[in-house]
Amino acid sequence: MSTPKSTSLEDRTNLISSKLKALYAKSVLPAEKAYRYDYFFESPLLSDVEFDSKPQVLLIGQYSVGKTSFIRYLLGRDFPGQRIGPEPTTDRFTVLINGPEERTIPGNALSVHPDLPFRGLERFGVSFLSRFEGSQVPSSVLRSITLVDTPGILSGEKQRLNRGYDFTKVVMWFAERADLIILLFDAHKLDISDELKQTIDVLQGHEDKIRCILNKADQIDRQSLMRVYGALLWSLGKTMSSPEVARVYVGSFWQEPLKNLDNAELFESEEKDLMRDLAVLPRQSAVRKINELVKRIRKVKALAYIVGYLKSQMPAVMGKEKKQAKLISDLPNVFRTIMKKYGLAPGDFPDLTSFASKLSEIKFSELKPLSSKMIDELDGCLQKAIPQLMEQLPSERDTPETLRAKGGAVDVPVPTLNSKFGKKQVDSANPFGFSQEDEDNYWALQDSSERLLDSFEALGPQGGFLSTQTARDVLVKTGLTKDQLRQIWNLSDIDKDGYFDHHEYVVAMFLCDAVIQKGRPIPSELPISVIPPSKRALLNRQF
């Protein structure tokens with residue numbers, strides 16, 4: 001059965017989400033119910049709306065590290081319920097969602113909303129839901145992603161006792177569903193409190209999602225920054241179990257100008273890298289959904305083997321309680337036996353201490369035996385169904401034709417403020433542009449860029465990009481041959497993402513005009529003066 005073609009990223013993501021839902025319901029959910037995955041892993045069964053949800057960004061940090069200011073910077077505006085100050089101001093989990101009007105939504109209402117993926121939070125009780133709220137605000141950023149602000153983490157036992165809910169378990173729930181997890185640190189206070197360490201511990205298994213921000217770095221000099229950065233990496237190395245060093249973005253992540261311009265160039269580069277990570281989240285949404293389901297299936301499979309093994313070791317009539325106690329005490333050897341027998345990875349197994357505690361509260365006689373049919377269904381997902389889904393996503397093996405069939409891009413419109421870094425906006429630095437002597441900033445197509453801006457906007461770019469199909473249609477209308485258009489596309493799509501931003505559109509129109517109006521041959525590579533200054537470094541990296 002062939003898959004119908006889709007011309008937008010949103011359609012492609014929706015198609016994959018619907019297939020993942022069907023796959024989960026048919027092959028994974030029965031095994032989760034049979035072997036009580038929700039009980040042993042403390043992760044509720046998935047609902048359809050969780051497969052359809054937008055990418056989520058989870059922000060975590062101690063109080064006064066700038067989480068709420070960072071969100072305000074991203075949105076370019078205030079939002080309902082925001083609280084900013086040097087003292088612990090954010091005392092609740094806040095989900096920022098797009099909507100036609102500004103309003104706050106109570107946690108109890110959010111948890112039962114049919115179109116939002118928060119029903120699973122009901123398990124944490126009224127005490128948590130009273131400290132959970134939604135902030136609805138019309139925002140171009142929130143059309144593509146959902147932001148989750150968390151309470152500022154304090155040190156000391158008192159706060160943990162006063163919360164009224166298990167903070168780390170709530171964070172774990174959000175982490176499992178997040179596409180990106182941002183840990184924020186203040187350059188002036190790097191101490192990692194006990195509760196922050198426990199919070200980072202529950203993020204184990206999600207290291208690929210974690211990005212760190214060393215915020216307020218403009219308030220210290222260059223030498224102090226080097227020491228602080230090294231101290232942060234050392235602290236993270238002790239706290240995070242992953243052998244890989246976490247990516248740390250350094251800077252001042254809010255709208256105010258830098259207080260110290262010594263490191264302005266570094267901070268600008270770091271901010272651009274972070275914003276690029278955020279901007280492409282919608283493109284990666286389908287891949288993330290597949291990745292999370294694969295991790296879940298592997299855990300379900302390991303659980304099925306464990307439960308099946310424990311059930312098979314139980315006597316038929318006498319001595320059940322004694323045998324159960326022995327198996328629990330010998331659980332490390334049980335795990336090793338199952339791991340070796342079925343060739344499973346240690347990372348797929350549940351936490352030993354927590355699992356033993358869960359086992360002690362149930363009767364093994366109530367456990368389900370191993371079902372080879374369910375195992376075959378899970379293996380079929382991992383070995384056949386999911387690889388087929390992956391083939392529908394863009395990859396480096398795609399030709400321009402197959403890439404077009406796999407959809408266009410809808411990037412998040414993140415902020416860019418040159419003035420924040422002590423610079424004038426490049427386009428307004430001189431009303432007559434740059435001279436040819438200024439090789440770094442001169443662009444031969446600057447006049448064309450200004451002239452073609454209206455026609456570019458008329459094509460309906462999303463997040464600053466023309467979809468692959470829209471850009472293709474524009475080029476086809478020039479009447480050039482397919483081979484000529486292929487060459488022009490390869491030269492114009494400078495960042496090789498399959499889409500045209502304004503500058504790439506200008507380059508493409510210039511090349512088409514050179515062939516049609518002036519009869520020039522298409523060059524094998526672009527002259528440096530034709531390449532937009534903002535993309536020259538990118539082109540150098542490709543070679």
Side-chain angles (χ1 to χ4, degrees), residues 57-74 84 86 152-155 180-201 203-204 206-279 414-424 440 534 536-538 540-541:
V57 179
L58 176 65
L59 293 101
I60 301 172
Q62 298 181 134
Y63 76 93
S64 192
V65 296
K67 297 190 301 297
T68 306
S69 296
F70 175 67
I71 291 174
R72 186 175 177 274
Y73 180 41
L74 274 181
I84 298 176
I153 299 172
L154 294 172
S155 57
L180 195 67
I181 301 169
I182 297 181
L183 297 177
L184 288 97
F185 298 90
D186 188 330
H188 293 276
K189 47 177 188 286
L190 286 183
D191 58 305
I192 296 180
S193 66
D194 293 342
E195 190 175 36
L196 179 56
K197 185 180 185 308
Q198 291 178 5
T199 302
I200 294 175
D201 286 344
L203 300 180
Q204 187 173 354
H206 303 290
E207 287 85 0
D208 59 316
K209 304 179 186 178
I210 296 176
R211 304 290 185 273
C212 298
I213 288 179
L214 181 58
N215 204 12
K216 306 181 183 180
D218 62 322
Q219 299 177 21
I220 56 178
D221 59 38
R222 186 172 299 176
Q223 187 176 18
S224 299
L225 178 59
M226 290 177 62
R227 291 172 180 163
V228 169
Y229 181 78
L232 176 60
L233 290 181
W234 182 78
S235 298
L236 288 173
K238 290 179 61 180
T239 306
M240 299 178 70
S241 58
S242 172
E244 299 173 353
V245 178
R247 174 64 165 100
V248 179
Y249 298 96
V250 184
S252 176
F253 297 91
W254 65 336
Q255 72 278 5
E256 297 300 322
L258 300 181
K259 293 186 176 181
N260 186 334
L261 294 176
D262 285 353
N263 301 300
E265 188 174 341
L266 168 66
F267 295 163
E268 184 178 12
S269 298
E270 291 284 280
E271 184 168 304
K272 285 180 178 177
D273 286 349
L274 174 61
M275 294 306 172
R276 191 179 299 117
D277 266 0
L278 290 168
V414 293
T416 53
L417 289 177
N418 284 340
S419 57
K420 169 182 168 180
F421 301 99
K423 297 180 179 179
K424 294 181 180 179
D440 290 336
S534 61
R536 288 171 189 170
L538 176 66
N540 290 335
R541 286 200 294 270

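Keep in mind that the numbers below use all heavy atoms, side chains included, and drop hydrogens, waters and symmetry copies.
Counting only heavy atoms from C-beta outward, the side chains of Phe267 and Ser252 never approach each other to under 4.5 Å. Looking at heavy atoms from C-beta onward, Trp254 lies out of side-chain contact with Arg72 at the 4.5 angstrom threshold. With a 4.5 Å cut-off on side-chain heavy atoms, Phe70 and Ile182 count as touching. Side-chain contact check for Val228 versus His188: every heavy-atom pair is 4.5 Å or farther apart. Side-chain atoms of Arg211 and Leu180, non-hydrogen and from C-beta on, do get closer than 4.5 Å to each other. Contact of the Lys67 side chain with the Ile71 side chain is not registered, since no non-hydrogen atoms from C-beta on lie closer than 4.5 Å.
Residue Val248 is tested with Leu233, Leu183, Ile213 for a side chain to side chain contact (heavy atoms under 4.5 Å, CB included); the sole match is Leu233. Each of Ile153, Val65, Ile200 was checked for a side chain to side chain contact (heavy atoms under 4.5 Å, CB included) with Ile60, and the lone residue meeting it is Ile153.
Residues passing the side-chain hydrogen bond (donor to acceptor under 3.5 Å, both in side chains) test with Asp208 are Arg288, sequence neighbours excluded. When the side-chain hydrogen bond (donor to acceptor under 3.5 Å, both in side chains) test is applied to Arg222, the partners found at least two apart in sequence or on another chain are Asn263.
Cys212 contributes atom SG, which lies 6.5 Å from atom CG of Leu232 (distance to the nearest 0.5 angstrom). Here the CE-OH distance, from Met275 to Tyr249, works out to 10.5 Å after rounding to the nearest 0.5 Å. Rounding to the nearest 0.5 Å gives a distance of 11.5 Å between CD of Glu268 and CD of Glu270. To the nearest 0.5 Å, the span separating CD on Gln219 from CG on Leu225 amounts to 12.0 Å. In this structure, CG on Asn260 lies 7.0 Å from CG on Asp221, to the nearest 0.5 angstrom. In this structure, CG on Leu58 lies 9.5 Å from CD1 on Ile210, to the nearest 0.5 angstrom.
The pair Arg247-Asp273 meets the salt-bridge criterion, since a charged nitrogen lies less than 4.0 angstrom from a carboxylate oxygen. Between Lys259 and Asp218 there is no salt bridge, since none of the side-chain N atoms of the basic residue sits less than 4.0 Å from a carboxylate O of the acidic one.
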Determine, step by step, whether Lys197 and Asp201 satisfy the side-chain contact (heavy atoms from CB on, under 4.5 Å) criterion, reporting the C-alpha distance in whole Å, the side-chain angles of both residues, the deciding distance to 0.1 Å, and the verdict.
CA-CA 6 Å; Lys197 185 180 185 308; Asp201 286 344; 3.5 Å; yes
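Judged by distance alone, the side chain of Asn215 and the main-chain N or O of Phe253 form a donor-acceptor pair under 3.5 Å.
Closest approach of Ala187 and Ala217 over heavy atoms only: CB-CA, 4.1 Å.
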